[in-house]
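Notes to accompany the following structure.
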Amino acid sequence: VLVISALSGVHALGQSADAPRISTSGSAEISVPAYKARVTLGVVVTADNAKDAGAKVATGLNSVRDALVKLGLDRSSMPSAGYYLGLEQTSGTRPSKGYSARSSVRVDLTNLEQLGTVIDAALGAGASEVTEIDFLPRDADAARSQALELAFLGARRDAETLAKAAGGRLGSLISVS
C-alpha cells in the first residue's frame with residue numbers, strides 16, 4: 001500500500017498533520033522463462049511389517065534412480081526429498097493391514113525437453129507418484145524486483161490521478177508497505 005499526502009492550494013508541504021491522504025495499492029505480474037524444472041518423484045509401497053516396507057521402498061527408489069542414470073543424469077544430483085514409514089491408515093475400527101512406506105527423490109533438469117522422458121522413465125522403473133513439478137527462472141530476485149517496481153509505479157500513477165481529480169497534487173510519500 002502506497003500512502004502519499006495530497007496537497008491542495010490551502011496546505012503547504014508538510015505543514016498540516018491532518019492534510020488529506022491518498023492510499024492506493026498496486027500489483028504487477030511479470031512472466032519470465034523457466035531455465036530449470038524441478039520434479040519430485042516418489043515410490044509408495046505396502047508390506048506386512050516395517051522392515052519389509054522399508055526394504056521395498058529403498059529398492060524401488062534405487063530402481064528409479066538407476067533408470068534416470070541411464071538417461072544420462074548424475075546420481076549425486078538426485079537427493080532424497082522425503083521419507084515416511086508407518087502403519088497403513090485404515091478407517092473405522094478395523095485393524096491396520098500392515099505398513100506403508102513412501103520415499104521420494106528430487107531431480108533438477110536444465111534441459112526442459114527432457115522432463116517428459118524423465119517422468120516416463122521413473123514411472124516405468126516403479127515410481128508411483130509425481131508429487132511436484134516446479135519451473136524455475138534464472139534470476140528470481142531480479143524478476144521480483146522488477147514486479148515490485150512496476151507495482152509501485154502503478155500505485156503512484158493511481159495516486160496522482162486521484163489527487164488531480166480532487167483538485168490537488170501529490171505531496172511527499174508517507175509510507176509504503
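Since the model is a prediction, treat every value here as computed from it, not as a measurement. Side chains are part of it too, since the values below use all heavy atoms of this structure and drop only hydrogens, waters and symmetry mates.
In this structure, Leu115 and Phe135 have side chains that are in contact, with non-hydrogen atoms separated by less than 4.5 Å.
Interatomic distance, Met78 CE to Leu73 CG, rounded to the nearest 0.5 Å: 5.0 Å. With rounding to the nearest 0.5 Å, the separation of CD1 in Ile22 from CD1 in Ile174 is 9.5 Å. From Thr24, atom OG1 reaches atom CZ of Arg156 across 9.5 Å, with rounding to the nearest 0.5 Å. With rounding to the nearest 0.5 Å, the separation of CG in Leu61 from CZ in Arg102 is 12.5 Å. With rounding to the nearest 0.5 Å, the separation of CZ in Arg157 from CD in Glu160 is 8.5 Å. Distance check, rounded to the nearest 0.5 Å: CG of Leu123 to CD of Glu129 gives 10.5 Å.
A continuous path of ILVMFWY side-chain contacts below 4.5 Å connects Val69 to Ile119, so both sit in one hydrophobic cluster. Hydrophobic clustering (side-chain heavy atoms under 4.5 Å, transitive across Ile, Leu, Val, Met, Phe, Trp, Tyr) keeps Tyr84 apart from Tyr99. Hydrophobic clustering, with ILVMFWY side chains joined whenever heavy atoms are under 4.5 angstrom apart, keeps Leu136 apart from Ile133.
The two residues Ala67 and Ala125 make their nearest non-hydrogen contact at CB-CB, 3.6 Å. When all heavy atoms of Thr40 and Ala81 are compared, the closest pair comes out as CG2-CB, 4.0 Å. Nearest heavy atom pair, residue Gly54 against residue Tyr83, reads CA-OH, 3.7 Å. Between Gly26 and Ala155, the closest heavy-atom pair is N-CB, 3.8 Å. Between Ala127 and Val64, the shortest heavy-atom contact is N-CG2, 3.6 Å. For Arg65 against Pro79, the heavy-atom pair with the smallest separation is NH2-C, 3.7 Å.
Annotation: cation-pi pair Arg138/Tyr35 present, NZ/CZ under 6.0 Å from the ring centroid and within 45° of its normal.
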Inset, instruction - Could you please spell out the steps behind the side chain to side chain contact (heavy atoms under 4.5 Å, CB included) verdict for Val45 and Thr59? - result: CA-CA 10 Å; Val45 299; Thr59 299; over 6 Å; no
Inset, instruction - Mind running side chain to side chain contact (heavy atoms under 4.5 Å, CB included) on Leu85 and Val57 for me, showing each step along the way? - result: CA-CA 9 Å; Leu85 175 68; Val57 80; over 6 Å; no
Inset, instruction - In sequence, state the C-alpha distance, the side-chain angles, and the governing distance for Ile30 and Val32, and then conclude on side chain to side chain contact (heavy atoms under 4.5 Å, CB included). - result: CA-CA 7 Å; Ile30 62 168; Val32 293; 4.2 Å; yes
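Salt-bridge annotation for Asp134 and Arg38: absent, with no side-chain N of the basic residue lying under 4.0 Å from a carboxylate O of the acidic one.
More than 12 heavy-atom neighbours from other residues, nucleotides or ligands sit within 6.0 angstrom of CG on Asp139. The neighbour count for Glu149 CD, taken as heavy atoms of other residues, nucleotides or ligands under 6.0 Å away, does not exceed 12. Counting non-hydrogen atoms of neighbouring residues, nucleotides and ligands closer than 6.0 angstrom, the CZ atom of Arg75 exceeds 12 such neighbours.
Partner of Leu71 under the side-chain contact (heavy atoms from CB on, under 4.5 Å) criterion, chosen from Thr117, Val107, Asp120: Thr117.
For the residue pair Ser175 / Arg21, no side-chain donor-acceptor distance below 3.5 Å is found, with atom types taken as modelled.
A distance-only check finds a donor-acceptor pair linking the side chain of Ser128 to the backbone of Val44 [under 3.5 Å]. With hydrogens and angles ignored, the 3.5 Å screen pairs no side-chain donor or acceptor of Thr110 with any backbone N or O of Lys36. Listed for the Ser104 side chain is a donor-acceptor partner under 3.5 Å among the backbone atoms of Gly82.
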